[in-house]
Amino acid sequence: MAARADLGYQPRMNALSSQEAAAIGTIDQSAMLTQVERWAAINSGTRNLDGVARMADELADAFATLPGKIAMVDADPVESVGSDGGVSVLMHGRHLHLTVRPDAPVQMLLTGHMDTVYPVDHAFQTLTHRDDGTINGPGTADMKGGLATMLAALRAVETTPLAARLGYEVVINSDEETGSFSSAGLLARAARGKVAALTYEPALADGTLAGARGGTGNFSIVVRGRSAHAGRNPDDGRNAILAAADIALRLAEARGPRLSVNPARIEGGGPNNVVPDLAILRVNFRPATLDEIERAKAHIDAAVAMVAAKHDVAVEVHGGFNRPPKPIDAGAAALFAAVKKAGGDLGVDIAWRDTGGVCDGNNIAAAGVPVVDTMGVRGGAIHSPDEFMIVDSLAERAALSTLTIMRIVQGGLA
């Protein structure tokens, strides 16, 4: 265990059992780094289905070293509204689902995602090792480093007698970066009956975890009017752009301290001398509570009805609230306390703060399962070409997960 001081953390040996120390001692940061480098070299942008499939194969091989059954689950159908107002099915890659000891007395869920935000033609495709102990590369922090952390922790736990009492499911989806629409059902099923869940989004560079999260909802509102000559007979037309703008303004009136509304784009229109007969309004909502979701839904319904009548247009609403808010309830607070205690015994200070971002932790919390969703590596500048992972956090965060899981198996979250 002395080597741990060289990796950025120093366990308090008198706070660890011999079994815990032995498990943590199996974590190999060098092997983890090699894994991250290999995975980050694969472009797995959500829409790059070939790259996502390659990444899925790599993960299936890696996670096959754990006991249990691996399945590659087909993505659920997801509708997409095009700029022509048409609705089509959007294809996604398959999701990895591992089930281990489903009859064990303690059941947990661990989740991550294999996709990144960088498409196959994005300029950011290479890895750079920096002198400050970080590695800059696509997905290194978000979240291929997190996937290596999850796997190393599970392997460490499997070396202990406690493993016989632990059952778990692992879900690694292919569409988290675009909302987990095709994997939401799988996540909900996997969450059933679990005492706790860990998700491997990156922590901040200083190790801070995400606490409570708001929710999110995305909508495409299709407005169909009637075209006419803008000079000769404009009153015979029904201006879809004008109606969509009216909806956007009415929706913006719902904004408040606990609900943000962002009309992001209106598509449609054509030549200046033609009354536009089609417009698509794209809008995002960020509710802080479930009550705000209900208020937003009512506001959408009212705005659409009023505008349809006022402008004599047809309106179709597509989309929904795909990630409910994630509060820190009693169960979540107990899990955070367990992670903090484990961190303290490893010589790592654990803090958390609320965030406006969303992830699969929102979905898991909505299923009634306590979740800490930033158990991955420390890093930063995610979703940009400056994305980086702190290399020494690989072993540190794997040890944190190992100790947290082992203690949940031994004593739960009481």
Side-chain angles (χ1 to χ4, degrees), residues 45-49 75-92 115 117 119-122 175 177-182 184 215-255 259-287 292-323 358:
T46 313
R47 304 264 38 91
N48 179 14
L49 298 185
D76 290 340
V78 176
E79 72 169 24
S80 174
V81 179
S83 59
D84 62 353
V87 178
S88 60
V89 175
L90 190 61
M91 301 301 295
H92 290 90
D115 62 325
V117 298
V120 69
D121 58 352
H122 196 282
D175 66 337
E177 293 291 8
T178 54
S180 301
F181 290 98
S182 78
T216 189
N218 290 289
F219 294 82
S220 295
I221 300 176
V222 180
V223 181
R224 299 185 187 278
R226 184 163 66 240
S227 61
H229 193 288
R232 180 172 295 183
N233 59 327
D235 290 342
D236 291 339
R238 299 295 181 266
N239 193 310
I241 294 285
L242 186 61
D246 195 358
I247 294 174
L249 290 171
R250 292 173 189 267
L251 293 180
E253 292 174 357
R255 286 183 294 197
L259 177 69
S260 69
V261 184
N262 183 44
R265 186 167 76 252
I266 294 178
E267 302 168 46
N272 284 355
N273 61 350
V274 177
V275 175
D277 63 353
L278 174 67
I280 300 95
L281 168 64
R282 316 284 186 175
V283 58
N284 172 256
F285 292 80
R286 297 280 174 155
E292 289 299 301
I293 289 180
E294 295 309 311
R295 188 171 75 84
K297 287 179 178 178
H299 205 87
I300 293 169
D301 291 343
V304 165
M306 286 187 287
V307 168
K310 176 182 176 181
H311 294 268
D312 189 20
V313 295
V315 184
E316 306 164 5
V317 179
H318 301 270
F321 288 91
N322 58 304
R323 297 203 194 275
V358 295

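We number each residue from 1, following the sequence as shown. Because only heavy atoms are used, hydrogens play no part in the values below, and waters and symmetry mates are left out as well, while side chains stay in.
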Closest non-hydrogen atom pair, Ile266 against Leu281
CG1-CD1, 3.7 Å

Do the charged groups of Glu292 and Arg295 touch, with an N to O distance under 4.0 Å?
yes

Minimum side-chain heavy-atom gap Pro276-Asn239 below 4.5 Å
yes

Return the minimal non-hydrogen interatomic distance between Ala243 and Val307, and the atom names on each side.
O-CG1, 3.5 Å

Shortest non-hydrogen contact from Ala254 to Leu259?
O-CD2, 3.6 Å

Would you call Val315 and Val313 a side-chain contact if the rule is heavy atoms closer than 4.5 Å?
yes

So Val222 and His318, do their side chains get closer than 4.5 Å, heavy atoms only?
yes

Please assess Arg323 against Thr216 for the test side-chain hydrogen bond (donor to acceptor under 3.5 Å, both in side chains), listing each intermediate value before the final yes or no.
CA-CA 5 Å; Arg323 297 203 194 275; Thr216 189; over 6 Å; no

The complete set of side chain to side chain donor-acceptor pair (under 3.5 Å) pairs with one or both residues in residues 80-89, sequence neighbours excluded, reads none

Would you call Asp312 and Arg238 a salt bridge, taking side-chain N to carboxylate O under 4.0 Å as the test?
yes

Yes or no on side-chain hydrogen bond (donor to acceptor under 3.5 Å, both in side chains) for Asn218 and Asn284, after CA distance, side-chain angles and deciding distance?
CA-CA 5 Å; Asn218 290 289; Asn284 172 256; 2.9 Å; yes

Using the test ring-ring contact (aromatic ring centres under 6.0 Å, His included), find all partners of Phe321 that sit at least two apart in sequence or belong to another chain.
Phe219, Phe285

Any sub-3.5 Å donor-acceptor pair from Arg255's side-chain atoms to Ala252's backbone N or O?
yes

Residues Ala240 and Val223: closest non-hydrogen pair is CB-O, 3.6 Å

With distance as the sole test, does His229 use its side chain to make a donor-acceptor pair with the main-chain N or O of Asp236 at under 3.5 Å?
no

Test item: Met91 and Leu49 side chains (from C-beta on) under 4.5 Å apart, heavy atoms
yes

Side chains of Ile221 and Val283: does their closest heavy-atom pair fall under 4.5 Å?
yes

Using atom types as modelled and distance alone, determine if a side-chain donor or acceptor of Asp175 lies under 3.5 Å from a backbone N or O of Ser182.
yes

Are Leu90 and Arg47 packed together at the side-chain level, in the sense that at least one heavy-atom pair is separated by less than 4.5 angstrom?
yes

CE/Met306: more than 12 non-hydrogen atoms of other groups inside 6.0 Å:
yes

I need the minimum non-hydrogen distance between Val275 and Arg226, along with the two atoms involved.
CG1-O, 3.8 Å

Taking only Lys NZ, Arg NE, NH1 and NH2, and the carboxylate oxygens of Asp or Glu, determine whether Glu267 and Arg265 approach each other closer than 4.0 Å.
yes

Within 6.0 angstrom of Asn272 CG, more than 12 heavy atoms from elsewhere
no

Give a yes or no answer on whether the side chain of Asn262 reaches the backbone of Ala264 with a donor-acceptor pair at less than 3.5 Å.
no

Under 3.5 Å: donor-acceptor pair, side chain of Asp115, backbone of Glu177
yes

Testing the basics here: between Pro119 and Val117, what is the closest heavy-atom pair and its distance to 0.1 Å?
CD-O, 3.2 Å

Side-chain contact, heavy-atom cut-off 4.5 Å: His92 with Val78?
yes

Answer yes or no: is there an ion pair linking Arg224 with Glu316, defined by an N-O contact shorter than 4.0 Å?
yes

Counterpart residues, ring-ring contact (aromatic ring centres under 6.0 Å, His included), relative to His122 (two or more places apart)
Tyr118

Basic-acidic side-chain contact under 4.0 Å: Lys310, Asp246:
yes

